[in-house]
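Here is the structure we will look at.
In what follows, every chain begins at residue 1, and chains take the letters A, B, ... in the order their sequences are listed.
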Amino acid sequence: MTTPTPPDAPDDTPAHRYDASLADQIEVKWQDRWQREGTYNTPNPSGLLADGDGAMAGRPKLFVMDMFPYPSGSGLHVGHPLGYIGTDVFARFKRMMGYNVLHTMGYDAFGLPAEEHARQTGEHPRVNTEANIANMSRQLARLGLGHDSRRSIATTDVAYYRWTQWIFLQIFNSWYDADRQVARPIDELVEEFDRGSRQPIGGSWAEMDEQQRRAELEHHRLAYLGEAPVNWCPALGTVLANEEVTADGRSERGNHPVFRRPMRQWMMRITAYADRLLSDLDLLDWTDSIKTMQRNWIGRSEGAHISFEVQGRSDEEVIEVFTTRPDTLFGTTAMVLAPEHPLVDRLVGAAWPEGTPDLWTAGAATPAEAVAAYRRRVAEMSDLDRQENNTKSGVYLGVECVVPVNGRRVPVFISDYVLMGYGTGAVMSVPGQDQRDWDFATLYGIDIVRTVEPPAGFDGEAYVGDGPAINSDFLDGMEVGPAKAAMIGWLEEHDRGRGAITYKLRDWLFSRQRYWGEPFPIVYDEMGLPLAVPEDQLPVVLPELIDWAPRALDEQSEPEPPLGRATEWVHTHYDLGDGRGDREVVRELNTMPQWAGSCWYYLRYLDPTNDEVLVDPGVEQYWMTDAQGRVGGVDLYVGGVEHAVLHLLYARFWHKVLFDLGHVSGPEPFQRLYNQGYIQAAAFQDAREIYVDAEAVVERDGRFYFEGQEVTRKFGKMGKSLKNSVTPDDMYAAFGADTLRLYEMFMGPLDQDRPWETKSVIGSHRLLQRVWRNLVDEDTGACAIDDAAPPPDLWRATHRTIDAVTSAMEDLRFNSAIARLTELNNDLTRYDGPTPRAVADALTLMLAPLVPHFAEELWERSGHTTSIVYEDFPVADPDLLTEETVEVPVQVNGKVRARIQVATQLDGDALAAAALADPRIAELTGGAEIRKVITVPGKLVNVVVG
RNA sequence: GCCCGGGUGGUGGAACGGCAGACACGGGGGACUCAAAAUCCUCUGCUCGCAAGAGCGUGCGGGUUCAAAUCCCGCCCCGGGCACCA
């Protein structure tokens with residue numbers, strides 16, 4: 001709550017006590033030296049960043065990475081660096097364990113957040129972004145993070161986005177060969193068309209003119225211009241990806257209304273990779289929850305496409321449905337289409353057939369009127385209304401279609417419970433086996449035929465479980481699985497359908513009508529079709545614009561990309577290498593979405609200075625190939641769970657394209673993913689439920705007061721909106737960066753959310769003070785350790801600590817590692833005499849990953865002349881891990897009743913004898929029958945009496 | 001509704017079937033001090049008891065086991081994700 005006053009108190013404090021001001025001196029000193037000496041520069045096997053003396057060459061590699069931040073202008077709070085500290089501790093630990101560790105940091109600086117912020121401050125995004133990056137790097141450096149600063153990138157650097165554009169061209173110039181399940185260069189598709197080994201979608205290749213051929217290729221490219229229903233957000237002046245729109249139809253950023261509207265936009269054919277994105281999840285060392293989220297997002301379902309002929313209509317008006325339950329086809333009693341299904345206008349009947357129930361007509365004079373009225377009604381309902389009010393409704397089209405397998409004629413409806421965006425936008429309604437169909441059928445008086453036998457007594461709803469087929473002719477008696485297979489067989493044999501797989505995943509909408517993003521390396525000629533800017537003409541530099549702000553527009557208007565205002569930039573000329581020489585073209589005006597730069601930054605970290613290739617193949621192989629035969633990629637990727645779907649799915653997709661085209665050596669970018677938790681903090685609301693400044697709240701008797709008024713406490717993510725931020729600067733002033741690092745690692749397991757308690761930080765500060773006092777004379781500042789060999793007990797305790805700390809660090813259980821180190825230090829505090837050097841060194845080395853400045857300083861004061869960063873982590877001697885005797889608890893019927901001191905090596909029988917000989921145990925078991933004695937040598941005895 | 005996590009002292013958390021509560025914060029007591037701060041020592045799950053000790057105890061109810069916070073079954077609560085996905 002209140003910022004603590006520094007605990008360095010009055011005048012009689014020893015001159016060399018480890019307090020905030022000494023911590024500050026030490027931290028600045030070592031940060032300067034690390035910077036000067038390039039301590040964290042990590043050598044590549046070759047190229048500009050290769051190691052001078054080859055000292056790292058023989059070491060195994062480890063690539064540790066954080067999800068890079070948006071350089072926002074508001075500065076850091078103590079919640080931000082949690083993951084960065086975690087990776088830093090792990091990277092330092094692994095360096096000391098003999099690894100060549102790559103760890104750096106970059107900035108995801110394009111995109112809406114940076115631009116919206118710039119819009120509010122009125123500064124040009126580039127000025128603003130660069131200032132923010134400088135500020136953020138300074139704040140991170142102050143934490144003592146051991147990053148290789150030579151490798152830092154920002155996605156807004158021209159030298160970086162040149163390669164983002166290059167990757168875009170790779171994708172644009174590729175198509176997906178569904179037979180071989182790989183992306184291939186588009187030139188190879190042209191060759192296949194030329195040879196006739198593959199046929200175009202749009203007719204005969206030989207007979208196509210140039211424009212038709214280019215249009216044909218658009219249908220195959222992995223990056224293409226597509227006319228699709230998109231999310232148009234007039235307030236932001238741009239379209240958004242599905243992933244950027246919330247469930248209630250608003251923009252994730254800014255919470256503005258979003259409208260669905262068909263527009264011509266850039267798309268990425270991620271759906272081609274749906275199956276590989278799904279199945280390769282099995283190769284990854286990620287948490288189940290993230291894998292599950294990706295699986296749900298991809299949304300694979302197996303089933304069948306089935307064709308339904310419409311009564312009295314031509315073959316061109318056949319309705320295609322997708323179903324996961326082809327086995328229930330005999331139970332189909334209606335057909336339901338999405339209101340916006342393209343066939344609806346053609347299918348709709350001229351008049352209501354004789355005997356149409358009033359309920360089906362919605363009171364309209366003709367089917368066409370009913371459809372028009374229903375569509376209007378649906379359009380007026382927001383997505384939220386639909387969710388809250390999911391009573392089904394629909395109208396009859398006045399026509400019937402025919403169920404292929406039994407010739408039954410069933411009515412065709414439209415209803416808003418069928419979505420155009422999934423499957424074929426049409427469902428065969430089987431009320432007996434689908435609850436939604438049941439609801440609709442009961443409402444509209446549609447027949448219900450059960451085709452799976454429900455359990456006895458089951459009634460009143462659809463039965464979706466397993467069971468034998470009934471009312472289904474040749475399927476009768478079969479269980480669901482075999483019945484599905486049999487029905488698919490029948491459909492294929494009679495050419496009425498086929499087995500099929502559908503995905504929820506849609507192609508990725510890749511263009512934005514924004515200024516602050518990567519320009520597309522695309523131009524248009526007189527045919528109006530996109531052409532690639534040649535690779536050797538990259539980068540296409542974002543033009544300087546004074547008026548870069550997006551216009552707020554209304555629902556009906558067309559997007560106005562700000563780049564359209566850069567007239568001279570837009571109208572340009574290129575020699576496109578197509579034999580036509582230099583000619584006039586116009587540029588693509590859209591920019592790429594924020595995700596583009598973050599899709600591949602890990603690759604640029606590897607070889608950031610290379611201007612010949614994206615990344616040198618040898619360097620890529622060194623860092624991205626796994627020695628243990630796992631899939632390879634970044635060894636540890638740490639970040640927030642909010643990127644579970646978007647960023648991680650897009651990056652995997654790009655990586656797979658690059659893999660197919662031979663630019664990277666493995667199919668996946670991130671071997672192991674770890675989600676750090678969030679730091680929560682108490683926030684306080686007054687009577688009007690308005691948040692008040694948490695720092696000004698005082699506690700009395702478990703109640704909380706702000707300016708005399710009682711307020712209520714809640715916990716939430718630290719930040720401006722809850723007015724509960726604590727800044728690292730305050731923590732440096734009160735304790736120093738090492739204390740902040742130590743506290744954040746001690747609060748709990750890295751993957752868990754944890755509440756910030758400023759008053760608890762003192763505990764971590766005290767630990768460092770006690771360690772300091774055990775090794776340094778507080779009055780003189782001189783080293784206070786002793787060269788004599790440590791006594792056996794203390795030496796054993798040291799080795800047990802080494803053992804425990806090593807395994808805790810390996811598992812990222814830093815809180816447990818710190819607890820063990822505290823215990824060893826408590827032993828030292830109680831130890832009578834100056835600390836033995838061997839123990840002091842081991843303790844300092846073990847602390848080094850956690851509190852690097854503090855450890856460097858102790859290391860130097862105790863007489864070492866080299867940096868501790870590359871020293872070996874201590875190794876536990878197995879002989880020293882056990883004591884000669886051990887105290888063993890003795891249980892009677894599972895309850896501890898005595899403890900005996902025995903030789904550690906004592907075997908089961910001897911241990912049992914020793915336990916039974918204990919007077920208290922003898923007393924408790926005397927007279928009772930001893931049924932069994934369980935012994936775990938060195939651990940426990942349990943005497944079972946009857 | 002479905003799918004993931006998670007529920008342990010006053011608080012953060014520890015314990016990978018074997019002594020529940022390590023370590024820390026907070027709190028009590030003591031030493032040092034004229035006094036305070038800092039430091040050091042010590043106690044601190046709950047109940048009963050002067051004590052030795054006993055009983056209870058890891059969200060709730062069952063089960064497996066010599067032994068369960070941990071494994072199994074059924075509930076409850078909290079957090080997150082998805083949601084008319086055919």
Indicate, with a heavy-atom threshold strictly under 4.0 Å, whether [X] touches base, sugar-phosphate, or nothing.
X	value
A:Lys504	base
A:Ser301	sugar-phosphate
A:Arg899	base

Listed nucleotide nearest any side-chain atom of [X], set [options]:
X	options	result
A:Arg920	B:A38, B:G53, B:A22	B:G53
A:Lys895	B:A22, B:C56, B:C25	B:C56
A:Arg830	B:A86, B:G55, B:C41	B:C41
A:Glu823	B:U39, B:G26, B:C23	B:C23

Atom [atom1] of [X] and atom [atom2] of [N]: how far apart are they, to the nearest Å?
X	N	atom1	atom2	value
A:Phe440	B:A86	CZ	C1'	14 Å
A:Arg800	B:A22	CZ	P	17 Å
A:Gln769	B:C40	CD	C1'	14 Å
A:Met293	B:C2	CE	P	18 Å
A:Glu461	B:G1	CD	P	13 Å
A:Asp288	B:G81	CG	P	18 Å
A:Gln435	B:G1	CD	C1'	11 Å
A:Arg897	B:A67	CZ	C1'	14 Å

Contact summary for [X] and [Y], nearest pair of heavy atoms:
X	Y	result
A:Ile818	A:Leu767	CG2-CD2, 4.1 Å
A:Arg820	A:Thr801	O-CG2, 3.7 Å
A:Gly423	A:Phe322	CA-CB, 4.2 Å
A:Asp507	A:Thr271	OD1-OG1, 2.6 Å

Quiz item: So, A:Thr451 and A:Asp327: side-chain donor and acceptor under 3.5 Å apart, yes or no?
Solution: no

Quiz item: Do the side-chain N and O atoms of A:Ser415 and A:Tyr444 include a donor-acceptor pair separated by under 3.5 angstrom?
Solution: no

Quiz item: How does protein reach along nucleotides 7-18 of chain B, written 5' to 3' as B (base within reach of a heavy atom under 4.0 Å), S (only sugar-phosphate), or - (no contact)?
Solution: -----BSSSB-B

Quiz prompt | Pairing pattern in dot-bracket form [Watson-Crick, G-U; both distances under 3.5 Å; | = partner strand] for RNA chain B | solution = (((((((..(((.....[....)))((((((.......))))))((((....))))..(((((..]....))))))))))))....

Practice problem: Please confirm whether A:Tyr18 and A:Phe854 have ring centers closer than 6.0 angstrom. | Solution: yes

Practice problem: Compute the ring centroids of A:Trp438 and A:Tyr463, then answer whether they are less than 6.0 Å apart. | Solution: no

Considering only the [atom1] atoms, how many Å lie between [N] and [M], rounded to the nearest integer?
N	M	atom1	result
B:G10	B:U44	C1'	11 Å
B:A20	B:G45	C1'	10 Å
B:U70	B:G9	P	15 Å
B:A52	B:G57	C1'	22 Å
B:C25	B:G80	C1'	28 Å
B:A22	B:C77	P	32 Å
B:U58	B:G49	P	24 Å
B:U47	B:G62	C1'	26 Å

Practice problem: Find the distance between CD (A:Gln769) and OG1 (A:Thr739) and round it off to the nearest 0.5 Å. | Solution: 8.0 Å

Quiz item: Got a second to check how far A:Arg295's CZ is from A:Arg300's CZ, nearest 0.5 Å?
Solution: 12.0 Å

Practice problem: Could you say whether A:Ala819 or A:Pro889 is positioned toward the 5' end of RNA chain B, judged by the nucleotide with the nearest heavy atom to each? | Solution: A:Pro889

For [N], does OP1 or OP2 lie under 4.0 Å from any side-chain N or O of [X]?
X	N	answer
A:Arg773	B:A38	no
A:Arg770	B:C40	yes
A:Asn826	B:A24	yes

Quiz item: Should A:Met718 and A:Leu722 count as side-chain neighbours, where that means a heavy-atom distance under 4.5 Å?
Solution: no

Quiz prompt | Anti or syn - B:G9, cut at 90° from 0 | solution = syn

Quiz prompt | Lys/Arg cation over aromatic A:Tyr678: A:Lys717, 6.0 Å, 45° cone | solution = yes

